[in-house]
Visitor: 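This structure is in structure tokens; I'll ask about it shortly.
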Amino acid sequence: MPGQVYSPSIYEVAEVKIKKVVYKNRIRLKEFFVDFDKLRSGFIFENQFLSGLSMAGLDKQLTAAQLQALADAYKTPETDRLSKVDYRRFCDDINTVFTENELEKDPLKEVAAEPYELLDKTRYDFSSKQLPEEREAQLEGIMSKLREECTIKGIMVKPFFDDAAHDKNSCHLVNHVTVSQFKQGLGVKMGFTSLSQSDINVLIEKFLDDEYPPGDMINYVAFAHCLNPPTPDYD
């Protein structure tokens with residue numbers, strides 16, 4: 001009707017939210033569902049689908065009604081008394097936020113622009129979090145000590161955490177590791193044995209990514225760039 005304002009459905013609102021979260025945090029959605037799909041059919045039960053969304057941290061971003069709307073939208077017709085969710089189609093639809101699927105088959109296909117608010121490619125490179133003055137001073141002393149150690153020993157920090165981020169038991173969030181993996185990287189992997197527990201706590205406080213729902217993810221790229229500043233690109 002003329003003058004009527006369009007109101008998006010619960011599903012449409014949920015889809016937009018998920019695309020933003022997945023794009024911003026580079027979440028590999030499929031990896032949270034595939035273990036439920038032993039036969040690799042592309043279909044899992046509704047409770048498994050909702051569990052996968054929860055494991056990806058999306059239940060912290062969406063309401064229960066929005067999560068249910070997503071499950072309902074991708075349900076298949078009932079068979080054997082139980083309907084299943086087409087998680088593969090769901091992942092394909094959400095992943096269009098990165099690029100169109102099967103683009104190699106149609107290289108001239110028009111691809112939608114990336115979401116404007118997510119265009120900053122360097123958002124993980126540095127931590128903008130400001131600690132209290134006393135903690136910032138402590139942090140600078142810690143980083144100065146670690147930078148010197150990296151220079152003397154020739155330690156490149158990022159590759160140690162890259163391995164952890166791609167471990168099969170990790171959360172698969174690009175450029176992030178868990179607090180536990182971060183601690184292990186500092187001690188066992190890189191041998192920063194001079195760090196006290198207080199030092200480690202300050203590092204965690206500085207580089208903990210508050211934007212990611214579980215509250216347990218460290219932005220290791222920002223940490224690495226503080227110790228091994230990236231080489232400027234003059235191209």
Side-chain angles (χ1 to χ4, degrees), residues 4-101 112 114-120 123-124 129 165 167-182 204 207-219:
Q4 189 173 27
V5 178
Y6 172 74
S7 179
S9 66
I10 293 179
Y11 163 73
E12 290 172 320
V13 172
E15 183 184 41
V16 170
K17 277 189 176 182
I18 283 192
K19 282 185 175 181
K20 287 182 178 180
V21 173
V22 165
Y23 185 93
K24 188 172 186 178
N25 297 299
R26 289 298 194 268
I27 299 173
R28 303 178 183 94
L29 271 181
K30 188 177 179 182
E31 298 185 16
F32 292 96
F33 301 115
V34 71
D35 284 347
F36 294 119
D37 183 16
K38 302 303 182 184
L39 299 178
R40 299 299 186 263
S41 65
F43 301 92
I44 54 178
F45 292 114
E46 179 184 317
N47 65 320
Q48 295 172 327
F49 179 75
L50 294 173
S51 292
L53 293 177
S54 178
M55 288 189 294
L58 297 172
D59 60 334
K60 306 295 191 302
Q61 300 283 347
L62 280 72
T63 66
Q66 290 170 337
L67 294 171
Q68 187 60 52
L70 289 169
D72 292 341
Y74 290 91
K75 275 184 183 176
T76 61
E78 290 189 10
T79 55
D80 298 329
R81 295 183 300 172
L82 287 173
S83 61
K84 288 191 174 183
V85 177
D86 188 344
Y87 76 88
R88 188 175 293 165
R89 182 164 62 88
F90 166 73
C91 291
D92 286 344
D93 287 348
I94 298 301
N95 287 340
T96 57
V97 74
F98 298 114
T99 186
E100 294 289 341
N101 287 323
E114 296 171 331
Y116 177 77
E117 65 272 28
L118 301 177
L119 288 176
D120 183 8
R123 62 187 177 279
Y124 293 132
K129 186 188 298 183
D167 183 88
K168 66 179 182 179
N169 296 318
S170 75
C171 292
H172 302 288
L173 178 64
V174 173
N175 296 338
H176 291 70
V177 291
T178 64
V179 169
S180 177
Q181 289 173 320
F182 184 67
I204 291 171
F207 296 103
L208 189 72
D209 192 339
D210 296 328
E211 292 187 10
Y212 192 65
D216 186 41
M217 303 303 295
I218 298 290
N219 178 355

Visitor: For Ser51 and Phe36, what are the C-alpha separation, side-chain angles and deciding distance, and is it a side chain to side chain contact (heavy atoms under 4.5 Å, CB included)?
Guide: CA-CA 10 Å; Ser51 292; Phe36 294 119; 4.0 Å; yes

Visitor: A side-chain contact here means heavy atoms from C-beta on lying under 4.5 Å apart; do Met217 and Val177 qualify?
Guide: no

Visitor: Mind checking what makes salt bridge (charged side-chain N to carboxylate O under 4.0 Å, His left out) contact with Lys17, not counting sequence neighbours?
Guide: none

Visitor: In Å and rounded to the nearest 0.5 Å, what is the OH to CG distance from Tyr87 to Asp92?
Guide: 10.5 Å

Visitor: Rounded at 0.5 Å granularity, tell me how far CD1 in Ile18 sits from CG in Leu67.
Guide: 7.0 Å

Visitor: In Å, rounded to the nearest 0.5 Å, how long is the span from CZ of Phe182 to CD1 of Ile204?
Guide: 6.5 Å

Visitor: Can you name the nearest heavy-atom pair linking Leu29 to Ala56, along with the distance?
Guide: CD2-CB, 4.4 Å

Visitor: Among residues at least two apart in sequence or on other chains, which ones pass side-chain hydrogen bond (donor to acceptor under 3.5 Å, both in side chains) with Gln48?
Guide: none

Visitor: Counting distance only, does the side-chain N/O of Glu31 pair as donor-acceptor with the main-chain N or O of Arg28 below 3.5 Å?
Guide: no

Visitor: Side chain to side chain contact (heavy atoms under 4.5 Å, CB included), that's the test. Do Val179 and Ile218 meet it? Break it down for me.
Guide: CA-CA 6 Å; Val179 169; Ile218 298 290; 4.1 Å; yes

Visitor: Among residues at least two apart in sequence or on other chains, which ones pass ring pair (Phe, Tyr, Trp, His ring centres under 6.0 Å) with Tyr74?
Guide: Phe90

Visitor: Please identify each residue that fulfils side-chain hydrogen bond (donor to acceptor under 3.5 Å, both in side chains) with Ser54, with sequence neighbours left out.
Guide: Asp59

Visitor: Validate the cation-pi geometry between Lys84 and Phe43: distance from NZ or CZ to the six-membered ring centre under 6.0 Å, angle to the ring axis within 45°.
Guide: no

Visitor: Can you list everything that forms a salt bridge (charged side-chain N to carboxylate O under 4.0 Å, His left out) with Asp37? Sequence neighbours excluded, please.
Guide: none

Visitor: So how far is it from Asn219 CG to Leu208 CG, rounded to the nearest 0.5 Å?
Guide: 10.0 Å

Visitor: Under a 3.5 Å distance rule, please check whether Gln61 uses its side chain to pair with a backbone N or O of Leu58 as donor and acceptor.
Guide: no

Visitor: Nearest 0.5 Å, what's the CD-CG distance between Glu15 and Asp93?
Guide: 6.5 Å

Visitor: Is the number of heavy atoms from other residues, nucleotides or ligands under 6.0 Å of Ile10 CD1 greater than 12?
Guide: no

Visitor: Taking Arg88 for its side chain and Lys30 for its backbone only, find out whether a donor-acceptor pair lies under 3.5 Å.
Guide: no

Visitor: Are Leu53 and Met55 packed together at the side-chain level, in the sense that at least one heavy-atom pair is separated by less than 4.5 angstrom?
Guide: no

Visitor: Got a sec, which residues hit side-chain hydrogen bond (donor to acceptor under 3.5 Å, both in side chains) with Asp72, two or more places apart in sequence or on another chain?
Guide: Gln68, Lys75

Visitor: When you look at Gln66 and Val13, which way does the side chain to side chain contact (heavy atoms under 4.5 Å, CB included) test go after all the steps?
Guide: CA-CA 8 Å; Gln66 290 170 337; Val13 172; 3.5 Å; yes

Visitor: Has the side chain of Arg40 got a donor or acceptor atom that lies under 3.5 Å from a matching backbone atom of Val34?
Guide: yes

Visitor: At what distance, to the nearest 0.5 angstrom, does CG of Asn95 lie from CD1 of Ile27?
Guide: 10.5 Å

